[in-house]
Amino acid sequence: MDYAKMRAIAEEKLSDYPATGIRHYMIVAPPTGTIEVHSEPCVGRYPHKEPYIFGDVVPFGPWRVETADFRRYGKPGDGEG
């Protein structure tokens with residue numbers, strides 16, 4: 001699956017997940033080495049978004065996610081998955 005399709009699926013869940021009560025949503029994008037943490041669901045959306053990069057310690061609800069060992073692969077638009 002290419003990066004654009006994976007990103008579209010992740011974006012779709014930005015409305016599905018808060019509507020079902022999921023309090024935190026993390027999007028990890030290996031092609032770009034970036035992470036987004038969405039939280040504080042309200043009226044079917046996440047109004048709060050925090051960006052991170054691989055290597056950061058990412059707060060995620062009551063947890064902290066160590067991302068130092070996360071690896072990048074593929075490049076946006078290369079069609080590789």
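Scope of the values below: all heavy atoms of this structure, side chains included, with no hydrogens, waters or symmetry mates. No experiment lies behind these values; they were computed from the predicted model shown.
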Grouping I, L, V, M, F, W and Y whenever their side-chain heavy atoms are under 4.5 Å apart, do [X] and [Y] come out in a common cluster?
X   : Y   : result
V65 : V28 : yes
I53 : M26 : no
W63 : I35 : yes

Heavy-atom donor-acceptor pair, [X] side chain to [Y] backbone, under 3.5 Å:
X   : Y   : value
T67 : G55 : yes
Y17 : P41 : no
S39 : H24 : no

Worksheet item: Do the ring planes of F54 and F70 sit parallel (below 30°), tilted (30 to 60°) or perpendicular (above 60°)?
Response: perpendicular
Taking side chain as C-beta onward, heavy atoms only, is [X] less than 4.5 Å from [Y]?
X   : Y   : result
L14 : R45 : no
R7  : I27 : yes
H38 : E36 : yes

Considering all heavy atoms of both residues, which atom of [X] and which atom of [Y] are nearest to each other, and what is their separation?
X   : Y   : answer
R23 : Y46 : O-CE2, 3.8 Å
A68 : R71 : O-NH1, 3.6 Å
P31 : R72 : O-NH2, 2.6 Å

